[in-house]
Amino acid sequence: MNLQHELDVGKAEVEALADVVHNVRDVGATIASGSFRADAMVIAPCSMRTLAAVAHGLADNLITRAADVTLKERRKLVLMVRETPLNLAHLRNMVAVTEMGGIVFPPVSGFYQKPASIAELVDHTVGRVLDLIDVPQTLAPGWGGLNGQI
């Protein structure tokens, strides 16, 4: 629904971009096993329901099972939670995931790069997430400092 509503893109169009597509109910998929080689996992967007399931180890679908495996294998897990405002349950779940080694990364825009468009804001956020999982990128150059500006 998010793809259609926010980007006017259908599920089939996005699936065509993927090498492999799994059904969310297929908890027996390859990515649900620690023997599946992956360096990191990003859940984007991450609903508060998915955050809660990961925080409490409820591996009840392929997303939460793969996240559970990622944490148990001590691999990088990034959750791009984006619902606001936050209540105490959300905050506690974020703390729990962080304590387990996950990274909570709300896609909050930084304006220090002086974006000229929404696309630049999105690219910057995506670039920062790619940096977190050690994927080379050119979307968000590293901070160059203030160059003497205050």
Side-chain angles (χ1 to χ4, degrees), residues 1-84 86-87 89-110 112-113 115 117-145:
M1 284 181 7
N2 283 351
L3 291 170
Q4 188 62 51
H5 182 71
E6 296 176 5
L7 302 175
D8 292 324
V9 175
K11 180 180 174 183
E13 293 171 85
V14 174
E15 287 180 350
L17 299 171
D19 292 326
V20 178
V21 176
H22 297 284
N23 186 300
V24 72
R25 291 181 212 83
D26 185 8
V27 294
T30 56
I31 62 174
S33 171
S35 66
F36 182 82
R37 300 300 310 150
D39 295 324
M41 177 179 179
V42 177
I43 301 176
C46 181
S47 69
M48 290 303 163
R49 184 251 176 252
T50 298
L51 168 68
V54 172
H56 294 278
L58 303 176
D60 60 346
N61 65 39
L62 185 54
I63 295 169
T64 55
R65 170 65 185 156
D68 187 62
V69 167
T70 300
L71 290 172
K72 107 179 157 60
E73 297 292 333
R74 306 295 191 262
R75 298 173 183 153
K76 291 182 181 180
L77 174 65
V78 179
L79 305 181
M80 295 185 72
V81 298
R82 58 175 227 164
E83 297 174 31
T84 58
L86 304 172
N87 68 36
H90 302 150
L91 295 169
R92 286 184 174 154
N93 289 334
M94 289 179 191
V95 168
V97 167
T98 301
E99 288 174 341
M100 289 186 278
I103 299 169
V104 178
F105 187 102
V108 176
S109 301
Y112 55 87
Q113 80 276 17
S117 67
I118 291 174
E120 286 183 14
L121 287 171
V122 171
D123 284 351
H124 185 261
T125 299
V126 170
R128 294 206 48 230
V129 170
L130 292 174
D131 283 344
L132 284 174
I133 61 171
D134 299 319
V135 173
Q137 57 85 23
T138 58
L139 296 171
W143 175 245

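What you see below is based on every heavy atom in this structure, not just the backbone, and it leaves out hydrogens, waters and symmetry mates.
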Evaluate the side-chain proximity of [Y] to [X]: yes if any heavy-atom separation is below 4.5 Å, no if none is.
X: Ile103; Y: Leu79; answer: no
X: Leu121; Y: Thr125; answer: no
X: Phe105; Y: Arg128; answer: yes
X: Val95; Y: Glu99; answer: yes
X: Asn23; Y: Leu62; answer: no
X: Val69; Y: Phe36; answer: no

Is there a donor-acceptor pair under 3.5 Å between the side chain of [X] and the backbone N or O of [Y]?
X: Arg25; Y: Asn61; value: no
X: Gln137; Y: Leu139; value: yes
X: Gln4; Y: Met1; value: no
X: Thr50; Y: Cys46; value: no
X: Thr64; Y: Val54; value: no
X: Asp26; Y: His22; value: no
X: His90; Y: Asn87; value: yes
X: Ser33; Y: Ser35; value: yes

Pick out which of Asp131, Asp39, Asp134 makes a salt bridge (charged side-chain N to carboxylate O under 4.0 Å, His left out) with Lys76.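 Only one option passes, and that is Asp134.
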In this structure, are over 12 heavy atoms from other groups packed under 6.0 Å from Lys11 atom NZ?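 No, because the 6.0 Å sphere around NZ of Lys11 holds 12 heavy atoms or fewer from other groups.
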Might you confirm whether atom CG of Leu17 has over 12 heavy atoms from other residues, nucleotides or ligands at distances under 6.0 Å?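 Yes, enclosed.
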Not counting sequence neighbours, list each pair that qualifies as a ring pair (Phe, Tyr, Trp, His ring centres under 6.0 Å) and has a residue in residues 118-137.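 Those involving residues 118-137 are Tyr112-His124.
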Check the pair Val126, Leu130 against side chain to side chain contact (heavy atoms under 4.5 Å, CB included), reporting the backbone distance first and the verdict last. CA-CA 6 Å; Val126 170; Leu130 292 174; 4.0 Å; yes
Report the distance from atom [atom1] of [X] to atom [atom2] of [Y], rounding to the nearest 0.5 Å.
X: Arg82; Y: Met48; atom1: CZ; atom2: CE; result: 10.5 Å
X: Arg37; Y: Thr30; atom1: CZ; atom2: OG1; result: 13.0 Å
X: Glu13; Y: Asp8; atom1: CD; atom2: CG; result: 9.5 Å
X: Gln113; Y: Asp123; atom1: CD; atom2: CG; result: 10.0 Å
X: Met41; Y: Ile63; atom1: CE; atom2: CD1; result: 6.5 Å
X: Asp68; Y: Met100; atom1: CG; atom2: CE; result: 8.0 Å

If every non-hydrogen atom of Gly127 is compared with every non-hydrogen atom of Ala140, which pair is closest and at what distance?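 It is CA-CB, 4.0 Å.
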Going by the rule side chain to side chain donor-acceptor pair (under 3.5 Å), which residues pair with Glu120 if we only count those two or more places apart in sequence or in a different chain?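 Scan of Glu120 (side chain to side chain donor-acceptor pair (under 3.5 Å), adjacent residues dropped) gives none.
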Looking at Arg65 and Asp60, is any side-chain nitrogen of the basic one under 4.0 Å from a carboxylate oxygen of the acidic one?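 Here Asp60 does not pair with Arg65 in a salt bridge, since their nearest N and O are not under 4.0 Å apart.
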